[in-house]
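Written below as structure tokens is the structure these notes are about.
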Number of protein chains: 2
Amino acid sequence: MNYTITNVSKMTGLAPSAIRFYEQEGLLPYLQRKSSGTRFFTDDDIERLTFIIGLKDAGLTIREIQECFTFCDRGDETIDKRIQLFQKHKSNIRSKICELEKCIQRIDDKVTFLQQKKNTSSTISDI
Amino acid sequence: MNYTITNVSKMTGLAPSAIRFYEQEGLLPYLQRKSSGTRFFTDDDIERLTFIIGLKDAGLTIREIQECFTFCDRGDETIDKRIQLFQKHKSNIRSKICELEKCIQRIDDKVTFLQQKKNTSSTISDI
DNA sequence: ATACAACTTCAAGTTAACTTGAAGTCAAGA
DNA sequence: TCTTGACTTCAAGTTAACTTGAAGTTGTAT
């Protein structure tokens, strides 16, 4: 299937301007145009965009995402090297998740504390 | 112990200007000053900064971090209301974790693919 | 007493990642 | 044919999160 930029915007949640920006930054090198100049997107493009969104949410900068793709696309590195790069990204993301888990733990502690307070006394002030 | 801003900068890896900025944004409301006006930091402040760095690394904005602290600190809400706020905040963080898990899954898929490729053929090009 | 390092504030500058706006092109329908 | 809506480019504007620079203050060493 082919999609217009507005279709893709609705499918991905990205603003059309953001999609154009990503193309401009080299994140969508295989994007095709009609004779009129209008962009058209394939399912592969959608998949790539979805992956971009994922990496973005995981905290990678556009530059890093671009590097990731560059790395994926080039054939002058060994597979081991590429696997290594992915593993590195993965462990970065894992540590991010860890931080968030810690945050949730802290919040849980507070809630437990408040819950206990509610069940025993009734002065509303500290923590 | 007490520390100067340069001490804290070395301990945390944050630039002094960043620490001042965090104070200005309300992330360090309990920060004390000497009579001269110079900031001095306690171990509690360091702990708070470490927590801030963790949340930042996890992708929270300064506004979000500030809200997190505000929830913890304010006494003008009922306990139920505060618990509610915590739960909401928690579910936000949970969905962030979810995104990151998805990203890891994608990376794992890529790695599996590369691994298989390595074990069977040897042409180096796609994905 | 004076120099110097380390701090201070405040305003302006920077970078990433977009967004907005102006001005123009193109294809389809009345 | 003309209008309308969806697209295009390009330049300038915006926001977050800092950084940099200028100008001033303080505490300590010579």
Side-chain angles (χ1 to χ4, degrees), chain A residues 1-29 31-42 45-46 48-70 92 96 99, chain B residues 1-42 45-46 48-70 92 96 99 103:
Chain A
M1 270 298 275
N2 286 352
Y3 313 95
T4 68
I5 201 164
T6 326
N7 294 154
V8 175
S9 169
K10 275 166 191 159
M11 292 163 78
T12 60
L14 295 167
S17 61
I19 299 169
R20 289 191 192 102
F21 177 72
Y22 291 162
E23 189 201 10
Q24 184 185 306
E25 296 300 304
L27 262 47
L28 302 167
L31 202 55
Q32 289 173 275
R33 305 287 186 119
K34 291 181 187 165
S35 55
S36 64
T38 301
R39 291 168 184 83
F40 74 88
F41 299 74
T42 66
D45 293 323
I46 307 292
R48 193 160 175 128
L49 272 171
T50 311
F51 192 43
I52 289 170
I53 292 168
L55 294 176
K56 229 169 52 71
D57 287 346
L60 275 76
T61 65
I62 284 197
R63 196 64 45 95
E64 287 170 321
I65 295 172
Q66 215 238 44
E67 273 164 30
C68 182
F69 282 131
T70 312
N92 284 344
K96 259 166 219 201
E99 286 305 331
Chain B
M1 270 295 278
N2 287 352
Y3 315 93
T4 67
I5 201 163
T6 327
N7 296 153
V8 176
S9 170
K10 276 166 191 159
M11 293 163 76
T12 59
L14 294 167
S17 61
I19 298 168
R20 290 192 192 100
F21 176 73
Y22 290 162
E23 189 201 11
Q24 183 185 307
E25 297 300 305
L27 262 46
L28 302 167
Y30 306 127
L31 201 54
Q32 288 174 276
R33 305 287 186 122
K34 290 180 187 165
S35 55
S36 63
T38 301
R39 290 167 184 84
F40 73 89
F41 299 74
T42 66
D45 293 322
I46 307 291
R48 194 159 173 126
L49 272 172
T50 312
F51 190 43
I52 289 170
I53 292 168
L55 294 178
K56 231 170 50 70
D57 286 346
L60 274 77
T61 65
I62 286 197
R63 196 61 49 92
E64 287 170 322
I65 295 171
Q66 215 238 44
E67 273 164 27
C68 181
F69 285 130
T70 313
N92 285 344
K96 224 163 247 201
E99 283 304 327
C103 186

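Remark: P of D/dC18 and CD1 of B/Ile53 are 10 Å apart, rounded to the nearest angstrom. Rounded to whole Å, the distance from CD1 on A/Ile5 to C1' on C/dC18 is 13 Å. Here D/dT9 presents its P atom at 10 Å from CG of A/Leu31, a figure rounded to the nearest Å. Rounded to an integer number of Å, the gap from CZ of B/Phe40 to P of D/dT26 is 17 Å. As a whole-Å value, the separation of B/Glu23 CD from D/dA17 P is 17 Å. Summarising the geometry, the separation between CD1 on B/Ile52 and P on D/dC18 is reported as 10 Å, rounded to the nearest angstrom. Per the geometry, CD1 belonging to A/Ile65 stands 11 Å off C1' belonging to C/dA17, to the nearest Å. Remark: P of C/dA16 and CG of A/Leu27 are 14 Å apart, rounded to the nearest angstrom.
Of the candidate nucleotides D/dT9, D/dA17, C/dT9, D/dT9 has the atom nearest to the side chain of A/Arg39. Comparing D/dA17, D/dT8, C/dC18 by their nearest atom to the side chain of B/Ile62 picks out D/dA17. Comparing C/dT8, D/dC18, D/dT8 by their nearest atom to the side chain of B/Lys56 picks out D/dC18. Distance from the side chain of B/Ser36 is smallest to D/dT26 among D/dT8, D/dT26, D/dC18.
Of the residues near DNA chain D, B/Arg63 and B/Ser35, the one whose nearest nucleotide (by heavy atom distance) lies more toward the 5' end is B/Arg63.
For the pair B/Arg48 and B/Tyr30, the minimum side-chain heavy-atom distance is below 4.5 Å. Between B/Leu49 and B/Leu14, the closest side-chain pair of non-hydrogen atoms falls below 4.5 Å. The closest side-chain heavy-atom distance from B/Thr38 to B/Thr4 is not below 4.5 Å. Between A/Ile19 and A/Val8 there is a side-chain heavy-atom pair separated by less than 4.5 Å.
Residue A/Lys34 is classed as having no contact, given no heavy-atom separation below 4.0 Å to the nucleic acid. Contact annotation for B/Tyr22: backbone-only contact, meaning every heavy-atom pair under 4.0 Å involves sugar-phosphate atoms and none involves a base.
For residues 10-27 of chain B, the side chain to side chain donor-acceptor pair (under 3.5 Å) pairs, not counting sequence neighbours, are B/Glu23-B/Arg33, B/Glu23-B/Arg39.
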Give me, pair by pair, the N or O atoms of the protein and of nucleotides 19-23 of chain D that are less than 3.5 Å apart, along with how far apart they are.
unit_1, atom_1, unit_2, atom_2, d
D/dT19, OP2, B/Ser17, OG, 2.6
D/dT19, OP2, B/Ala18, N, 3.3

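B/Asp57 places no side-chain N or O within 3.5 Å of a backbone atom of B/Gly54 that could act as its donor or acceptor partner. At distances below 3.5 Å, not a single donor-acceptor pair connects side-chain atoms of B/Ser9 with backbone N or O atoms of B/Ile5.
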